[in-house]
Amino acid sequence: MKKITISGILIGKRGSENTKTAFIEIVHIQKEYRPEGPAENSILEITRQAEKSTATYIPWVGYFDLDRENKNVSPKWEIIEPGKKYLLDNVEWTPFQQ
Amino acid sequence: MKSVKQKWDDHPQFIIRPRLPQFPGIFDLPADTCIASHAPHEHITEHLHDHLYHMHIRYGFELPNQTLRGIDKLSLHVAMMVKVDHRVDCNPVFVARGKGYEGICLKMAGQDIHWTPDERVGEKATKLFAKTGRKVPKGYYFAGFSTSSMDERSVYEYNREDLLRAIGNGLVADQHFQATWKKPVKKEIEPYDVVIYLGDSVTEYHTFFRLPVVVPIGAF
């Protein structure tokens with residue numbers, strides 16, 4: 001499995017880093033990292049677990065999608081606005097769902 | 001009691017007419033191509049899903065010179081009948097081809113025209129489609145959109161003056177959308193015909209038309 005560094009802007013998260021269960025972060029990628037990593041202007045879902053982190057594309061395009069998810073799912077997302085700089089090493093990169 | 005003609009004359013009027021696309025080359029789509037499926041490719045400004053397997057949905061439209069009788073402000077509506085495992089996202093309205101495969105955006109009220117997903121528009125299109133005696137086939141839905149604020153998080157209504165200024169003696173433009181998998185997978189989207197609904201938030205005027213994968217000679 002290819003491992004990469006993810007660099008972008010954190011725009012939302014669900015769950016807490018302080019618990020043992022996985023939590024999810026939504027990151028907007030602003031530069032081109034293909035072919036090794038994600039594409040410019042893509043949005044990734046990063047699943048963080050104690051033993052590993054994985055990243056995959058999601059088809060979202062911005063904050064609207066977080067607004068909509070917040071209406072439809074539980075637990076709620078924490079919307080991070082304005083976004084914060086995000087950097088995470090050693091992430092398993094699986095761009096497409098299997 | 002008012003006659004049918006009087007009732008019609010009293011209605012606010014806003015007219016938008018579909019036509020073939022005007023500007024070949026934007027997003028690497030040739031002339032008279034309404035539907036095209038692409039694999040991931042290099043980034044193009046304003047292209048939303050170039051890194052995913054995506055299907056382009058494109059048509060031209062015309063806003064003829066009109067009086068906008070009875071209209072103070074309105075938002076434009078569009079809905080596309082797509083497969084349930086696809087989502088659609090909107091591009092601005094293009095009025096010319098720009099550098100490379102980019103498009104040049106139409107500005108109204110001093111800003112690019114943006115769209116926000118609007119479930120109410122999808123529901124409205126579904127009801128109006130049923131009124132014509134047709135049903136949305138199983139496995140499809142109308143994905144609805146309204147014109148929006150720049151951040152695409154709330155509906156935006158253009159006022160009469162903005163609309164008149166943009167339409168002038170008549171306006172032709174292209175509208176692009178991109179469908180992609182709701183769960184991105186490494187699989188091409190097999191192109192399919194897409195029915196489009198165009199309307200607005202104020203008037204009863206609306207139109208349905210079908211974008212074919214292969215445009216027949218003499219279409220539109």
Side-chain angles (χ1 to χ4, degrees), chain A residues 1-2 4 6-9 11-12 14 24-47 54-73 76-83 91-98, chain B residues 27 38-55 82-92 101-102 112 114-122 143-156 176-189:
Chain A
M1 186 67 65
K2 188 189 283 184
I4 61 169
I6 300 290
S7 174
I9 300 293
I11 62 171
R14 196 163 72 173
I24 295 170
E25 295 167 319
I26 303 298
V27 176
H28 181 205
I29 303 298
Q30 297 185 305
K31 290 183 186 171
E32 182 67 51
Y33 296 101
R34 288 181 289 181
E36 290 78 21
E40 179 182 354
N41 204 36
S42 58
I43 294 197
L44 308 188
E45 181 180 86
I46 299 179
T47 304
T54 58
T56 187
Y57 285 134
I58 51 174
W60 294 6
V61 294
Y63 281 109
F64 168 82
D65 291 291
L66 279 164
D67 292 342
R68 183 172 57 186
E69 281 286 292
N70 248 359
K71 277 188 222 157
N72 297 334
V73 302
K76 301 294 183 193
W77 290 90
E78 180 186 339
I79 297 178
I80 298 162
E81 191 177 17
V91 181
E92 283 187 9
W93 173 229
T94 50
F96 296 100
Q97 300 191 15
Q98 305 301 312
Chain B
F27 298 159
H38 286 173
H41 55 72
E42 67 185 33
H43 184 58
I44 302 170
T45 302
E46 298 288 358
H47 197 309
L48 299 163
H49 296 309
D50 43 27
H51 56 295
L52 305 174
Y53 289 87
H54 58 275
M55 184 176 82
V82 293
K83 292 185 177 177
V84 292
D85 48 2
H86 297 158
R87 65 173 271 160
V88 184
D89 290 286
C90 299
N91 292 112
Y101 295 144
E102 295 175 14
D112 294 348
H114 284 251
W115 299 90
T116 189
D118 190 335
E119 286 175 10
R120 293 168 307 170
V121 174
F145 291 81
S146 290
T147 45
S148 74
S149 56
M150 286 287 280
D151 64 6
E152 302 185 354
R153 292 168 85 176
S154 57
V155 172
Y156 185 89
H176 285 250
F177 302 96
Q178 295 154 44
T180 191
W181 300 103
K182 285 181 179 171
K183 292 185 176 176
V185 289
K186 205 171 182 177
K187 181 182 170 190
E188 299 219 6
I189 295 175

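Order of the sequence lines sets the chain letters (A, B, ...), proteins ahead of strands, with each chain counted from 1. On a predicted model such as this, the values are computed, not experimentally measured, just so you know. Excluded from the calculations below are hydrogen atoms, water molecules and symmetry mates; all remaining heavy atoms, backbone and side chain alike, are included.
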J.: Mind checking which of residues 31-39 of chain A sit less than 4.5 Å from chain B, heavy atom to heavy atom?
T.: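 Counting heavy atoms that sit under 4.5 Å from chain B, the residues of residues 31-39 of chain A involved are A:Glu32, A:Arg34, A:Ala39.
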
J.: Atom NE2 of B:His43 and atom CD of A:Glu40: how far apart are they, to the nearest 0.5 Å?
T.: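 So the gap between those two atoms works out to 4.0 Å.
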
J.: Which residues satisfy the side chain to side chain contact (heavy atoms under 4.5 Å, CB included) test with A:Asp67, sequence neighbours excluded?
T.: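 Only A:Ile79, B:Arg153 meet the side chain to side chain contact (heavy atoms under 4.5 Å, CB included) criterion with A:Asp67.
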
J.: Non-hydrogen atoms of chain A under 4.5 Å away: do they reach the side chain of B:His41, the backbone, both or neither?
T.: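 Contact with chain A involves the backbone of B:His41 alone.
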
J.: Can you say whether B:Lys182 sits under 4.5 Å from chain A via the side chain, the backbone, both, or neither, judging by heavy atoms?
T.: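 Contact with chain A: backbone only.
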
J.: Please step through side chain to side chain contact (heavy atoms under 4.5 Å, CB included) for the pair A:Val61 and B:Gln178, ending with a clear verdict.
T.: CA-CA 12 Å; A:Val61 294; B:Gln178 295 154 44; over 6 Å; no

J.: Taking 4.5 Å as the heavy-atom cut-off, does anything in residues 44-55 of chain B contact chain A, and if so which residues?
T.: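 From residues 44-55 of chain B, the residues near chain A are B:His47, B:Leu48, B:His49, B:Asp50, B:His51, B:Leu52, B:Tyr53.
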
J.: Taking only residues two or more places apart in sequence or in another chain, which ones pass side-chain hydrogen bond (donor to acceptor under 3.5 Å, both in side chains) with B:Asp151?
T.: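 With sequence neighbours excluded, B:Asp151 shows a side-chain hydrogen bond (donor to acceptor under 3.5 Å, both in side chains) to B:Ser149, given in chain and number order.
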
J.: So, for A:Phe64 and B:Pro117, which heavy atoms are closest and what is the spacing to 0.1 Å?
T.: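 Scanning both residues completely, I find the closest heavy atoms to be CE2-CG, 3.3 Å.
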
J.: What are the two closest heavy atoms between B:Pro184 and A:Tyr57, and how far apart are they?
T.: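 Smallest heavy-atom distance, with atoms named: CG-O, 3.6 Å.
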
J.: Among B:Glu152, B:Lys186, B:Glu42, which residue forms the greatest number of heavy-atom pairs with chain A at distances under 4.5 Å?
T.: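 Greatest number of close heavy-atom pairs with chain A: B:Lys186.
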
J.: Is it true that, when you exclude B:Glu119 itself, more than 12 heavy atoms of the residues, nucleotides or ligands shown sit nearer than 6.0 Å to its CD?
T.: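 Count not over threshold, so no.
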
